[in-house]
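Encoded as structure tokens, the structure appears first; notes follow it.
Residue numbers begin at 1 in each chain, while the letters A, B, ... track the order of the sequences. This structure is a prediction, so every number in the text was calculated from the model and none was measured.
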Amino acid sequence: MDYRRSYIRDLLASEPPMKASAYGWVKTRRDSKGVSFVQLNDGSCFADLQVVIQEGAIPESELRRVTTGACVRFDGMLVQSPASGQAVELQATTLEVYGDADPASYPMQKKGASFEFLREIAHLRVRGNTFGAVFRVRNELSWATHKFFKDRGFMYVHTPIISASDAEGAGAMFQVTTLDLENVPRVDGKVDYSQDFFGRQAFLTVSGQLNVEAFAQAFTNVYTFGPTFRAENSNTPRHLAEFWMIEPEQAFCDITGNMNLAEDFLKYLVSHVLDHCRADLEFFNQRIEPTVLETLHHVAESPFERITYTDAIKLLEASGEPFEFPVFWGCDLQSEHERYLTEKKIGRPVIVTDYPKEIKAFYMKLNDDERTVRAMDVLAPRIGEIIGGSQREERYDVLVSRMKELSLPEEPYSWYLDLRKYGAAPHSGFGLGLERMMMYVTGMKNIRDVIPFYRVPGSAEF
RNA sequence: UGCCGCAUAGCUCAGCGGUAGAGCAGCUGACUGUUAAUCAGCGGGUCCUUGGUUCGAAUCCAAGUGCGGCAGCCA
């Protein structure tokens with residue numbers, strides 16, 4: 001079994017007739033008198049290869065083992081298919097069964113399974129149509145991300161997973177420790193973290209941003225792309241405890257440049273999957289969300305709307321909508337507000353900028369009005385906030401006074417403050433949640449269905 | 001974490017006070033090329049758990065557990 005061989009995707013694009021071998025997992029088998037049809041898939045593309053077995057070509061005792069879920073190889077001739085439904089098919093002459101799958105207990109079926117049930121068999125759901133399509137698209141989004149930034153001269157930075165600063169403001173963190181939880185060392189009644197692995201408290205990162213800012217101050221244009229962790233007790237179809245985030249950071253870039261990058265990046269990703277995942281997207285459009293293709297073309301072609309927070313509040317106040325949460329200057333935008341703006345009022349992605357400083361993070365650059373900061377959120381129909389970014393505060397004194405206002409300790413951020421002391425460039429960046437983007441592109445309704453093995457409160461199986 | 005909903009065959013569900021049903025899947029067979037094939041037959045159940053109401057509970061009530069939706073926190 002050499003590693004260089006044809007995928008089913010390649011066979012389907014080949015010119016028949018030719019000898020061929022097909023490796024994969026059996027989706028279904030249909031028998032008629034004198035002939036059997038096997039749908040074989042190896043994950044390389046949405047379409048299955050139809051394998052045709054004429055009566056007598058393969059011993060009945062072997063053919064019986066070709067059941068849904070079984071892992072097999074067929075050898076034979078790839079020929080033009082006489083029936084409609086596929087261009088080519090494999091006329092099989094030999095069969096090797098690598099792994100049987102007991103049809104009475106194999107849980108994947110060709111019909112009728114709910115996403116809730118499939119989450120219980122996350123190790124097997126990837127063999128089905130929907131999750132095959134989901135993870136091919138996820139793969140393409142990942143590669144497109146690297147290509148987009150590589151083509152624009154960005155450096156890929158591996159920011160740490162374990163972080164010592166515990167108060168970044170992005171939410172509750174998972175603590176990392178090797179202390180014996182049954183017998184925690186204490187000094188004056190408090191936990192003695194000097195005996196912990198790192199000699200201090202440590203956590204899983206909630207964002208690579210602070211680290212990637214340091215690299216932007218040396219390599220100009222950088223990005224990080226990796227897992228991040230939030231210990232929030234969030235039970236929604238849009239939140240995970242472990243998710244993947246893409247965070248570019250640019251020196252010599254203000255909030256306008258940041259918005260331009262965000263818009264170009266989203267359009268690039270959308271165009272990429274339209275070009276490279278056609279069959280998968282058509283499946284989503286047909287079976288999951290009938291507006292997906294239309295939405296993606298729309299996003300790729302039309303400019304995003306850009307409005308300030310202050311103007312957004314005016315639009316909401318003038319809307320006449322019966323919002324559950326009151327709208328006033330200074331309020332945070334709730335889901336219902338975001339949905340009104342992006343779905344009802346504007347009908348495509350909207351970038352909202354210049355939020356009140358009170359509802360945004362300490363590191364965002366203070367505007368001259370001293371009431372708002374240079375934040376920008378990209379809101380998208382169906383899913384709400386997909387990107388959050390800002391121009392960063394590069395003025396040392398302003399940053400320190402902002403931290404004081406929020407009672408943040410300086411010590412854990414001393415290195416971050418150093419970046420403002422020594423050769424600080426104006427800089428900007430944003431974070432894009434890969435899974436949020438996945439939901440947008442595929443139309444999948446639950447974030448647990450766009451990540452291979454999800455982690456949420458109360459659940460870390462597989 | 002709050003509010004709401006759901007839990008019956010392997011899966012998707014119906015039944016909603018009188019003792020367990022359908023479709024799909026599985027198994028057996030039929031059919032000369034099927035496309036989520038079709039047709040016939042067969043097997044398959046602690047009706048989530050515990051307690052209560054009742055002559056009688058899958059069905060009504062309560063608590064627990066699990067799952068889902070909405071909201072908050074955010075990406």
Side-chain angles (χ1 to χ4, degrees), chain A residues 27-39 47-56 64 67-69 79 81-86 89 91 101-121 128-129 168-172 206-209 225 227-247 262 286-287 323-325 332-339 359-361 377-380 383-389 430-440 445-451 456-459:
Chain A
K27 279 257 183 69
T28 63
R29 192 181 87 204
R30 295 180 294 273
D31 297 317
S32 276
K33 187 170 182 65
V35 62
S36 288
F37 302 92
V38 173
Q39 297 297 129
D48 304 320
L49 175 68
Q50 174 160 282
V51 179
V52 185
I53 303 113
Q54 302 294 346
E55 190 165 30
R64 292 176 65 84
T67 60
T68 300
V79 299
S81 179
S84 64
Q86 58 281 316
E89 62 189 26
Q91 285 282 352
D102 173 25
S105 62
Y106 184 65
M108 285 295 291
Q109 296 179 179
K110 55 186 160 191
K111 174 179 176 180
S114 64
F115 288 128
E116 289 84 357
F117 171 69
L118 292 171
R119 278 171 215 147
E120 296 171 10
I121 51 165
N129 281 340
E168 202 250 286
V206 293
S207 163
Q209 181 199 312
F225 181 7
T228 49
F229 307 87
R230 304 277 166 92
E232 299 287 347
N233 191 8
S234 300
N235 293 286
T236 84
R238 301 179 306 281
H239 291 86
L240 292 165
E242 177 182 292
F243 63 99
W244 284 63
M245 193 149 61
I246 299 154
E247 295 173 284
Q286 201 172 62
R287 294 288 182 92
F323 293 121
E324 185 191 340
F325 292 86
D332 210 347
L333 294 184
Q334 305 294 327
S335 289
E336 57 177 346
H337 306 142
E338 295 179 352
R339 293 181 74 100
I359 57 174
K360 287 292 177 185
D377 286 357
V378 182
L379 312 178
I383 56 166
E385 184 179 342
I386 190 169
I387 280 180
F430 64 78
L432 169 70
L434 178 64
E435 288 78 16
R436 292 269 174 92
M437 187 62 188
M438 277 293 296
M439 292 173 76
Y440 193 61
K445 306 292 188 295
N446 193 308
I447 202 165
R448 297 165 198 207
D449 298 327
V450 296
I451 190 167
V456 295
S459 176

Expressed as a whole number of Å, how far does the C1' atom of rG29(B) sit from that of rG43(B)?
15 Å
Does the side chain of Arg287(A) get closer than 4.0 angstrom to OP1 or OP2 of rA36(B) through an N or O atom?
no
Under 4.0 angstrom between Ser105(A) side-chain N/O and rG26(B) OP1 or OP2:
no
Using only heavy-atom distances, decide whether a donor-acceptor pair under 3.5 angstrom links the side-chain of Glu89(A) to the base of rG33(B).
yes
Any side-chain donor paired with an acceptor under 3.5 Å for Ser207(A) and Glu247(A)?
yes
Report yes if a donor N or O on one partner sits less than 3.5 Å from an acceptor N or O on the other, where the partners are the side chain of Gln109(A) and the base of rG10(B); otherwise report no.
yes
Under 3.5 Å donor-acceptor pair, Glu55(A) side-chain atoms to rU32(B) base atoms
no
Looking across every strand, which nucleic acid part, if any, lies under 4.0 Å from Pro237(A) by heavy atom: base, sugar-phosphate, or nothing?
sugar-phosphate
Pairwise P distance for rG23(B) and rA14(B), with rounding to whole Å:
16 Å
Suppose you measure atom P in rG69(B) against the same atom in rC27(B); what distance do you get, rounded to whole Å?
34 Å
Closest heavy-atom pair and its distance - Arg238(A), Ile383(A)
CD-O, 3.9 Å
Which is true for Ile386(A) with a 4.0 Å heavy-atom rule: it touches a base, it touches only sugar-phosphate, or it touches nothing?
sugar-phosphate
Listed nucleotide nearest any side-chain atom of Arg230(A), set rG33(B), rA75(B), rG26(B)
rA75(B)
NA contact type, Ile387(A), heavy-atom cut-off 4.0 Å: base, sugar-phosphate, or nothing?
sugar-phosphate
Any N or O donor-acceptor pair under 3.5 Å from the base of rC74(B) to the side chain of Ser234(A)?
no
Any donor-acceptor pair under 3.5 Å linking the side chain of His337(A) with the backbone of Gln334(A)?
yes
Base of rG33(B) paired with side chain of Gln91(A) (donor-acceptor, under 3.5 Å)
yes
Taking the minimum atom-to-atom distance to the side chain of Phe37(A), which one of rA75(B), rC31(B), rG33(B) wins?
rG33(B)
Side-chain N or O of Gln39(A) less than 4.0 angstrom from OP1 or OP2 on rU35(B)?
no
Does any N or O donor sit under 3.5 Å from an N or O acceptor when you compare the side chain of Arg436(A) with the base of rC74(B)?
yes
Of all the choices, rC27(B), rA71(B), rA75(B), which nucleotide is nearest to the side chain of Phe325(A) once you look at every atom?
rA71(B)
Under 4.0 Å between a side-chain N or O of Ser32(A) and OP1 or OP2 of rU32(B)?
no
Specify the residue among Thr28(A) and Asp332(A) whose closest nucleotide of RNA chain B lies further upstream toward the 5′ end.
Thr28(A)
Hey, is the side chain of Asp48(A) pairing donor to acceptor with the base of rU35(B) inside 3.5 Å?
no
Could you tell me whether Glu120(A) contacts a base, only the sugar-phosphate backbone, or nothing, with contacts defined as non-hydrogen atoms closer than 4.0 Å?
nothing
Could you tell me whether the side chain of Ser81(A) and the main chain of Glu89(A) form a donor-acceptor pair under 3.5 Å?
no
